[in-house]
Structures are given as structure tokens and as C-alpha cells.
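To start, the structure under review is shown below, and the notes come after it.
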Amino acid sequence: MTAALIAALVTGAALFGVGLYGALSQTNLVMIMMGVELILAGALVNLAAFWRFLHPGAYAGQMFVLIVMTVMALEMAVGFGVATARFRAKGSVEMEEAGELKG
Amino acid sequence: MIHGARRGAWSGLRRLTARAQAQMLAAIVVPGPEVAAALGLDLAGAGLLPAASPRHASVLVVAGALPAQLREAAAVLYAQMMRPRAVMALGAGTLAPLPGADVVAELSQPALLDAVRRLRRAIAGGAFRRDAAGFDAPVLRSRTEYVCPMHPEVVRDEPGSCPKCGMTLVPREAQDEGGHAPDAVDASTGMEMEAGRGGGESAYTCPMHPEVVRDEPGSCPKCGMTLVPREAQDEGGHAPDAVDASTGMEMEAGRGGGESAYTCPMHPEVVRDEPGSCPKCGMTLVPRAAAAKDAPEAGHAADAASEAAGGRHAPMDPSGAEHSAAAHTGMDHGAMDHVAGHSTFMSMVAVTRDLPRSPDGLPMDWIEVPFGPLFPGLPGGLSLVLTLDGDTVAGAAAQAPVAAAAAAVADAGGRGLPAAEFARRLGAMDPLAPVAYRLLARRALECAAGVEPDSRGARARAGAAERERLASHLAWLAVFLGRLGLEVHARRSWGLAASMRGADAARIAGLAAAVRVLVRGVRRTPLLETRLAGIGRLAADGRLRGPVARAAGVAADGRVGDPVYGALGFEPVTRPDGDARARLAVRLDEIEQSLRLVRAAGVLDDSGVPGIGAASGTGEALVETPRGGARLAVSVERGRVTAARLDTPSTVLLERIGSLVAQCELGDALTAVASLDLSPWEVVA
Amino acid sequence: MTTVAVLAALLAGAYAVAVLEAWARTGRMRPGGPLFAAAALIGRESFVPRKPDRLFFEAAPVLLLVAAVLAAAVLPWAPGLVIVDLATGALFVNAAFAYVLVALIMAGWGPDGAYAMVGGWRFLGQLIGYSMLIVMPITAVAMRAESLVTTVIVDSQAGVWNIVYQPLGFVLFFIAAMALAFLPPFDLPTAPGELAGGVEAEYAGRRLAVLRLARALLVVAVALATTVFYLGGWRGPWLPPWAWTGLKTLAVAAAMFALGGRLPRVREAHFLAWCWKLGIPLALLNIFVVGLLVLAVP
Amino acid sequence: MHAQTFFIAFFGLAAVWFGVAVFRTSSMVRSALALLFSQTAIGAMFLAMQTEFLGVLQIMMMATEMSIMAIFMVMYMMDPGGLGAMEMTHQKRFSIAAGAIGGGAALAVAVLTPWGPVVAQAPAAAQQTRALGLELLGRSMLVFETAGVTILTAMIAATAVAVRRREGKAAR
């Protein structure tokens, strides 16, 4: 039984690692968002696994998963809003060309 | 036995499927269903199913004689059809480059019914053949030609450099003849042609630096990108992307030499919009084209790349490498110094900077999509190339490759044409309105000869013209409703349009009830008005004629003031809005009006050769064709027509298409074009 | 056994739907038509465009088929005659229908052709319009049944069918279901006469046969969903339950085809405007009214 | 119960495999759809973990979300077809290291932590849905409402950012 939990957590960790790599290595805003989505997906897997295998009576765990899904949708909405604005203004959503956004 | 049999031996299963295919004949009509209807053919009534795309069609129906350009397009269409496929020729002459017809018949509905029967037998018994040959035609063959990315008018058969700017020419695939379609996507419908035809030359090029061309795969010496096969770039579809560079360039070249960028002869990365001096070395900036001439040839590209890798600003070939040069300009802003030596980085700002901006401010990839000359849903023979920005039309180029008006009247041959021959030619010019043009020729000749038409004959001819208007409007209605997805009404409209051909007054009176039911049904269609409101708005001006002008509130009608029509009780129909909705309403009203006029005329007759004897003189006539007033001026000498000038309503409409569809959604744009009821045949080129 | 029976029923439904569609398009009822059409398509050449995204091109028809079958898998034909009676059946139907979009985008992108691509992306725009109108009426249905289980939803209509209980929701769902199955007048992704078949334009032969079968199954699935959610599912006198489900499903499909042939194809912008400015407020109103009814009428 | 472990591991592997594919293909549409199938596999994992409602919700939401992502990719990328095989990454070594370290750390925690006793039986699916509903509209109502309001705000804000500025106010 613990094996199932570990399998899920390992998946979560791997998704987190892949997502982190993607978010850091990609030059394009949309691709970076994909990396962030994968990181959040890793979190989702972990949360669901914790709920199922450790506290199936506490529905706040499932609630948490719902909230993370909401955050994913939020990230998409805001990200695409920003991407559209950037693209309109600069014709590019490449990070290499967003130098003026540096502090 | 059919020419387009599928390769393979017969088996039980194949016998079965051949029989099924004989039952499910999906047809695509050349030049178009409206021509077929004008010739009195009701294809759906003969059991042929409509096909949305040539891929889904199994029969190519040729209705009437095809001009050479359309035969080529038809051959392309035929190549796109999946085997087993067949050609049915109805009253057609030469078909080449199409393969011979599998079934030949005359132009009439009974002959069509019989032809369909024969075709079913031929397919059931000959859909498969062990030794089925492929189809090949010169129009399908392609070759590689070389063009200058900056000067599209420079086209060579061999590689080399541009005589104007010295840039290396880039290869592209072209048709062996005509050169309409620069790539494998054909011009007639935009679909790809049969796989397995002679593959084009596979040269590899950099998507960003078109001047880099290699015979083998590899990476670009300038930016390190993987080279792509040149063919891939030229295609539609995905390629919008890879096309980026080339499209951008073409657009730029299209803007002509007016482009004034100034660059430093020593520091190509310095690009300014205005003359001035270089901020690095103080030299006077030169216009870029001039700089290009002095610049090192593309052969130095490898050196440039190695220097770039070394982290220095490399003297890149400024002519072709405009994007890279601009990228460096961008880097001079300073914030991005760490990428300065990064030779693989491509600036999207730079790449998209020169792309034309659409009014919504989002520079997208623009793709050119051909619609026509044989696109189902547009008049056959109308060739429309839409530049799509997403699904918005950014620009349109409309052509009428079948335009026959000039040829029909111009051929005076020094000695002039006999009057009867002239009238026959004019009548044959536009298969969609033969009666009106014959009548036009007759009136002009009569005017020139000073002959007074007898009133009974004039009445009969007016009746015949109204019958033609009825058939033409019904066929237009069928095309238009089909485009809007109103299949039920469209089907009835096709049948009625076809049965108008050659009908006498009694027959039309018999059909009148069905026509009125159809018109009422269309008027009552829910949401149709909302659907069409505001699409394809054209303001009335002096040049617009016919239903399009009347839908814009101008009673421009050649029948106004005509005593014959006055006696029949004619009043022009107008609507104020000038959009597709108004055009539909005007034509529906005119269908009912024509029914009334035909009944009032009582007798229909368009026969009779103008008998003008050996008269001389000049004459002019105006006849309201189904598409608007056509004007003809003739000079006659001793019974022969020595000069003629023709002015047709569709000519103006063709000119307006560009502004009509600009910035429309694709579906709206096609609806707007279809609402014009343009006849490409009568266009005066 | 149940699975086989349901799949057979789905195939029979797809056959009947194909007959109905041919009737709507050509005006003639040919009971043998689909057999001929299928046999003809299988015998014709199939074709892969020159520069396709081969994976997408091949996978799209299959994905469409799978999505339609999965959606139908949780919908009951009769008590006990359902492949899986999920606890979240009503939601699962939505989830399966969402993959119709994915399949069409793949079919649009795959063949590397402009018509297909425009068609595929058009459907995405269409989804932005209809998707809320699928989910929100189903929410109201689930509210009345106090369950997401499809069989419970049918049972909840023992007294009054949902079409009477929440007619507004039925109308919205019916329209959205037509848009989902890209039936005319919402056939923007295929649009004959406009995009030369759109996403279907480059498919031929056996691939087209799979695509057409998938589309017919999708129509069956949406009609079945309408039946289960609004028309009392298998409920009805005299006939056996499965026959009622079948009849109602075919009636819904026939109504969709009949309506589609008499309306002009919508404009994308109009459709979006109607859905968001009119449809969603109405759907919210529907939820509100149903909520009041559930509270007021125990 | 071995079946459960097997399915979790199977769909987990699929999720990671598709997740890697996101950054390994140069076709943007493929990239977006790979992410979609990764998320779908996660939904399937949820189903394997007997959290039926969340699984179905995940499968449903992601289909639309990732398809929308695909169209934005096609709009905003230079080479969405991946024909040019463009290099679209930077600081690669650093990213790989960060990814490996981050993933490794999470992995270590996952493997090394004593998780204690694992509950064998999950509540029945129908019961879960009901309990989650009560949770949403009971104890967690504030959180739920906050999330709702936040997403509405984000939608409005994103639209406001994305629409074109009026003439005259345009920045450039």
C-alpha cells in the first residue's frame, strides 16, 4: 500500500523537476507557463495522494486540489493576458527581449 | 472500365465496393454548378451527390466546353481526387490535359440521366485495374526556379546571384507552365496534389536566412538553426511559420523601393529610418540597397559566423541578413548584452517588426490561401487569393482567368465580323447569360443599322430575357443558400433553375407556384436576415449596376424607360442597405417580378438573327443582364462589325472585391463575394 | 455482455443517424445508404498529405471515436444497461466531450492544409461559446437529481421530465449539443462551400470512413445525453425501456438535423455573442429557478 | 491493491513521459497537446487513486485549457510547426541542474519520510462527491468563494491587459 503512495509521490517529484527545468530553460513566455503548469501538476498529484493514502476523511485535502486547479486556470488567464499585451506592444513574447522589464 | 481506376486485382470485396461506389457518385462540377444549371442540368436530380472537396468526389463532371485555363485547373482538380475516379463530359470539346472522358454525353437532362447510368456500370465493372496508370500532366509537374528574395521579378532557371542586388538567388518550386502556383499547393483549390509525383529538388535552406542554401541537411552558418528542406517552406498550412521570413520579405519587396532604411557601410547592424551618421564611426549612413552592393557576397557567410561565435559584431551580409542586423540593433539597447555573442538567438522582435500589422495590432503569420478558379461555393472561373491573418482576410486578389468579353468583341480581324457571327460570339461569351448578350448584340446592331424592331418581337425577347434572369437568380440563390448551409432550399432552387432553360410561358407559369413557395420559404428562414446584415457593404456610386446597385438604393436599371418594359408594367426594385441582406432581398423580389413580367409578355423568343443587310453606321445599346446593365457600342460597315466596345457589370464588381473583403472574417468574406453574383466570364479584362 | 449490448446499440444508432443525415442533406431517405457509403469509402484510396503531422493526422479520427464512445459509456439505455455507472457520470460526459475539441484541433493541424487548419481553430472559438452551455444546464439537472449519477438523474424524472421541469435548460443544452457535434448550423469546422470540408478536407478513403463513423457516434452520444438528462431516459409506457431510449435518441437526432437544414450557418462572432450575452445569463437564471423549485417542491 | 499501485505507476510514468515530451518537441502544437496528455494521465492517476470527482474534473478542465494554450502558442511563436528546429532554450545547464536538484530533493523527501500507516480503503465515490460538496459549502466556503472571486478578478484583469489601448493612450 505504501508503494502506491510512493509511486504517486515519485511521479509528483519527477513532474516538479521537469516543470522546473522547463520554466527555467525556455525563452518563450508561453513555454514558461507550460513549465509552471507542470510544477503545479506535480503539486496536484502529491495533494491527491496525501488525501487518499493518509487522510481520506479530511475533505479539505480535496478542496486543496480544487484550489490548485483554480490557480492553474488563473495562471493561464493572467499569462495569456500579459502575453497578448506584450505581443501587441513588442511583437514578441521572448524573454530575451523583455530586458526592459528588469528592475 | 474507367481511366482513373485504382490499381489492384479484382477480389470479392473489391467487386462489392466497386458496386457501392457506383451507387455513391459524389460529383464535382466544372466550371461550376451555376453553369450546369444555366445549361439546364440538374445534377442532384440525376442522382449525383454533392462533394465538398475534390478529395471526396469520385466524378468530375465537365459541363460545356472549357477554356484552356480551366482545363488546366480541372486537371489539377482531377489529380486531387482519390481513385477510382471518373470524368463525365457533357457537351465538352477538348479535355486535354484531362485524360479522356469515361462517359460522353450531350448537354441535356435526359442525356445526363443516361450518362449517369452508363457511368455507374463503368465504375461497377472497372473501378480496379491491375495495370492502372498514373495521371500526369504538364500542369502538375514542377521544377525548381531561382528567385531573388528581395526582387521577386528576378527569376532564373539556374542558381546565381541577383543582377540588381547581388544576393544569392533562392530556389523555389514552380509549375512547369504558367507559374501560377509557386508551390505544391495548387492554385485551384489550395489542396495538395497527388502524392508520388516527381519530387521537387530538395534544397535545404535556413528559415531565417533564405540566402543560405545547401544541398544537404545541416545547420545555418549564420544563426545555427537547422536547415529545412526548401519544399517544406513553400507550403501552406504549418508553414505559415516557416514562411515567416519569406513572407516578410515578400511583403517588403512588394512595398517596392520606397523602403528607406539607412545603414552604415562599416557597421551593418546600425539601421536607421532616416539619413544621418553612424553613431559608432561617424560615417554617413547609406540607403540599404546601396550598401548591399558594396557588401561582401554571401560566400563569406561562414567567416561571418565564426566571427560571430567569437563574440564580435560580425560584418554580416546586410542584404539578406536584415533580420540579424536588426537583431543587433535591438541588442544595442544594452540590457541584453549577455546574448550579444549568442549566435543561435533569433530576435522575434526583429522578425516580426517588418511584418505588416493588422489593425488589431497583433502581427500574425499571413498565409495566402487560394479559393478558385474551381472552388465549390464561388462562381466557377473566379480565382480568389485571400491573404489570411488568422481567420481575418488581410487582403485579396481576385482574377477572372476565364474572362472572355474582350476576346469576344475585339476580334474584328481588320475585315470585321459578319453581324450574325458577331451576335453568336457575344452570346457564347457568358454561359450564364447568353440570351442577354445576344439581345445586346441585336439591339446594338439594329441601332447601328437604323432598323426599328417590331414590337411583338421585342416583347418576346424581353420575355426571354426575364426567363434568363429568373434562371440566373435562382441559380445564384442556390449557390448562395448552399454556401450558408441551407441545403433544403438550395436543392429546390437548383432544380428550378435548371428547369427554366428553354421553358415556354406555360411551363414557367406551371413552375411559378413552386418558385413562389421557395421565395417565401427563404424570406421566412429564421436568422437569415441577422446572418447577412452588414456583410459586404458597398456604397452606391455611378459605376455599380444591376441588383448590387439596386440593393444599395439606386434604381440603376436598364429596363427603366424601355417602352417594352413600360408596357409590361415594370417598376425597379430597390433596397437601401447595400449589404448581402439587401442583395438577397432584391433578387428575391426580382424573381417574383420576373415571373410577373414573363406572364405579362406571354410569349418568349430569343431566336432570330438581326437582319441588318449591308447597312453601315454606329450604334449603342444597353441591356439589363441578370447582373446589371451591359453596354455595347458597335461600328458597322456594310453589314460587318468593324469595332465594338463592351462594358459589363461584373468588371466593376471584380475590382471591388479587394476592398469588399478587407478585414472580414473568412466566412463573411466569402459570403460577401458570393452575394455579388459576379460572372467571371463577362469580365472585360 | 452489457458492454457488447451497448456498443451494438451505439452502432445501430450511428447507422440510423447516418440515414437521417443523408436525408437532411439530399432529401431522400435511403435505408441502405450508409452501408453503400461505408463500402464505397473503404474501397477508395486513402491519402496522407505530403508534409503532415503524421501522428495527429492518423490519431485524430480515432480520438474522436474514443471521445464519443466514452461519453456514451456512462449514459444508460435501460436500468442496468450502461457500460459504467460512474458516481460522477454527468461530469464525465462533459470530460469526454471536451476531447472532441482536441480531436478536431489535431485533425485541423495534422494535414498541413490551410482549410483544415482554419476549420480546426474555428472549432476552438466555437467551444468558447458552447462549453458553458453544456456544463451549466447539466448542473441544474444534477441539482434536481441531487446526484451526478446518470441513472439517478433518469430516476429523478419519474414524475415530470426535465424538459418540462426546466425547459430553459433543455433549449440551451440542445443548442449547445448541436454546436458540440458541429451539426449545421454550427458546422463551422467543416463548412462545405466555405472551407471545402475544413477539417475533413484532406481525409479520404478509410480514414474518412473512421471520421464519419466517429461523427455519427458523436451525434448519437449527444442525442443520448439529451434523452437521459431531459427526456426521462428509458421512461415510457408499453415499450421496453431500451426501445424508449432508442426512439427518443433518434427523435432528438432527427430534430437536430431537421432544424439544421433550415437555419443558415451561424457566424462565429454572432455565436459567441449570443452564448455569452444571452446564453450564460439564461443558464444562470435556469440554475436559480431550478434551485428555487428544488427547495419549494420537496 | 497491487493493481492500484500498478495503475498509479503506469499513469505516473505516462504523465512524466508526456511532460518531458513538452520540452523535447519543436512543434508548438505537439508541445501543448503533450502537456494536455500529461495532465490527462494525471487525471487518470486520480481515478486510480479513487478520487473520482477530481480525476474527471482534471481530465475535463485540461482538455480545454491546453487547447487554448495551443492556439496561443501558434499565435505568438515564430515557428509553431517546428520546421526550423529553432533553439528556444537558454541557461540550459543551470536549468537542468535546478530541475535535477529540485526534483531530487522532492524525491528524497518522498522516499525518505516515514509516512506512517496508509489507509487502505477510500470512501465510496458517491459519498466522496457528497462530502466534498458539503465541505465546499460548509467549512471551506470562504476559501471556495475567495477562489471564485479571484478567478473572476483575474479574468477581468487579463482581458483589460490584453485589449488594445485606446488611440492616444497607446504607449508606442
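Naming convention: chains lettered A, B, ... in sequence-line order (proteins, then strands); numbering from 1 in each chain.
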Review point. What residues, two or more places apart in sequence or in another chain, satisfy side chain to side chain contact (heavy atoms under 4.5 Å, CB included) together with Thr159(D)?
Key: Val163(D)
Point to revise | Contacting moiety of Ile67(A), where chain D heavy atoms sit under 4.5 Å | key: side chain
Check your understanding: Any idea how Phe50(A) and Trp115(D) line up, ring-wise: parallel (<30°), tilted (30 to 60°), or perpendicular (>60°)?
Key -> tilted
Practice item. With rounding to the nearest 0.5 Å, note down the distance linking CE in Met28(D) to CE in Met31(A). Key: 5.0 Å
Check your understanding: Which heavy atom of Gly103(D) sits nearest a heavy atom of Phe16(A), and at what distance?
Key -> N-CD2, 4.1 Å
Review point. How long is the span from the OG1 atom in Thr5(D) to the CG atom in Leu5(A), to the nearest 0.5 Å?
Key: 10.0 Å
Check your understanding: Of all of Gly35(A), Gly19(A), Gly22(A), which one pairs up most often with chain D through heavy atoms under 4.5 Å apart?
Key -> Gly22(A)
Check your understanding: If you measure from CD1 on Ile96(D) to CG on Leu24(A), what distance do you get to the nearest 0.5 Å?
Key -> 11.0 Å
Exercise for review: Give, as side chain, backbone, both or neither, the part of Met49(D) having an atom under 4.5 angstrom from any heavy atom of chain A.
Suggested key: both
Check your understanding: Relative to chain A, which segment of Ala98(D) carries a heavy atom at a distance below 4.5 Å: side chain, backbone, both, or neither?
Key -> both
Practice item. Would you mind checking which part of Ala100(D) comes under 4.5 Å of any heavy atom in chain A, side chain (CB onward), backbone (N, CA, C, O), both or neither? Key: neither
Exercise for review: Under 4.5 Å heavy-atom distance to chain A, tell me which part of Val143(D) shows up: side chain, backbone, both or neither.
Suggested key: both
Practice item. Let me know if Ala97(D) has heavy atoms under 4.5 Å from chain A in its side chain, its backbone, both or neither. Key: neither
Review point. Looking at residues at least two apart in the chain, or sitting in another chain, which of them share a ring-ring contact (aromatic ring centres under 6.0 Å, His included) with Phe64(A)?
Key: none
Check your understanding: Measuring heavy-atom distances to chain A, does Gln39(D) have an atom under 4.5 Å in its side chain, in its backbone, in both, or in neither?
Key -> side chain
**Study point:** Heavy-atom contact with chain D under 4.5 Å, split by part of Val65(A)
**Key:** side chain
Exercise for review: Could you tell me which portion of Ser38(D) (side chain, backbone, both or neither) has an atom closer than 4.5 angstrom to a non-hydrogen atom of chain A?
Suggested key: side chain
Review point. Tyr59(A) and side chain to side chain contact (heavy atoms under 4.5 Å, CB included): which partner among Arg139(D), Arg130(D), Gln128(D)?
Key: Gln128(D)
Check your understanding: Side chain, backbone, both or neither: which part of Arg93(D) has an atom under 4.5 Å from a heavy atom of chain A?
Key -> neither
Study note, to complete from the structure: So CD of Glu37(A) and CE of Met66(D): to nearest 0.5 Å the spacing works out to 4.0 Å
Check your understanding: Which residue out of Ala60(A), Gly79(A), Ala14(A) racks up the most heavy-atom pairs below 4.5 Å with chain D?
Key -> Ala60(A)
Check your understanding: Is it the case that Glu135(D) and Gln62(A) place a side-chain donor and acceptor less than 3.5 Å from each other?
Key -> no
Study note, to complete from the structure: Looking only at heavy atoms, the pair that brings Val78(A) and Ala154(D) closest together is CG2-CB, 4.0 Å
**Study point:** Leu38(A) side, atom CG; Ile42(D) side, atom CD1 - distance, nearest 0.5 Å
**Key:** 7.0 Å
Review point. Taking all non-hydrogen atoms of both residues, which atom of Val161(D) and which atom of Gly81(A) are closest, and how far apart?
Key: CG1-O, 3.5 Å
Check your understanding: Which region of Met69(D), side chain (C-beta onward) or backbone (N, CA, C, O), has a non-hydrogen atom less than 4.5 Å from a non-hydrogen atom of chain A, or is it both or neither?
Key -> both
Review point. Does the side chain to side chain contact (heavy atoms under 4.5 Å, CB included) test come out yes or no for Leu66(A) and Leu136(D), once each step is laid out?
Key: CA-CA 10 Å; Leu66(A) 283 183; Leu136(D) 279 182; 3.9 Å; yes
**Study point:** Exercise: identify the closest heavy-atom pair between Arg52(A) and Val119(D)
**Key:** NH1-O, 3.1 Å
**Study point:** Region of Leu107(D) in contact with chain A, defined by heavy-atom distances below 4.5 Å
**Key:** both
Point to revise | Closest non-hydrogen atom pair between Gln4(D) and Phe53(A), with its separation | key: OE1-CE2, 3.9 Å
Point to revise | Residue Phe144(D) versus chain A: region with a heavy atom under 4.5 Å | key: both
Exercise for review: Quick one: pull up CZ in Phe23(D) and CE in Met34(A) and give me the separation to the nearest 0.5 Å.
Suggested key: 7.5 Å
**Study point:** Distance-minimising heavy-atom pair for Leu54(A) and Pro117(D)
**Key:** CD2-O, 4.0 Å
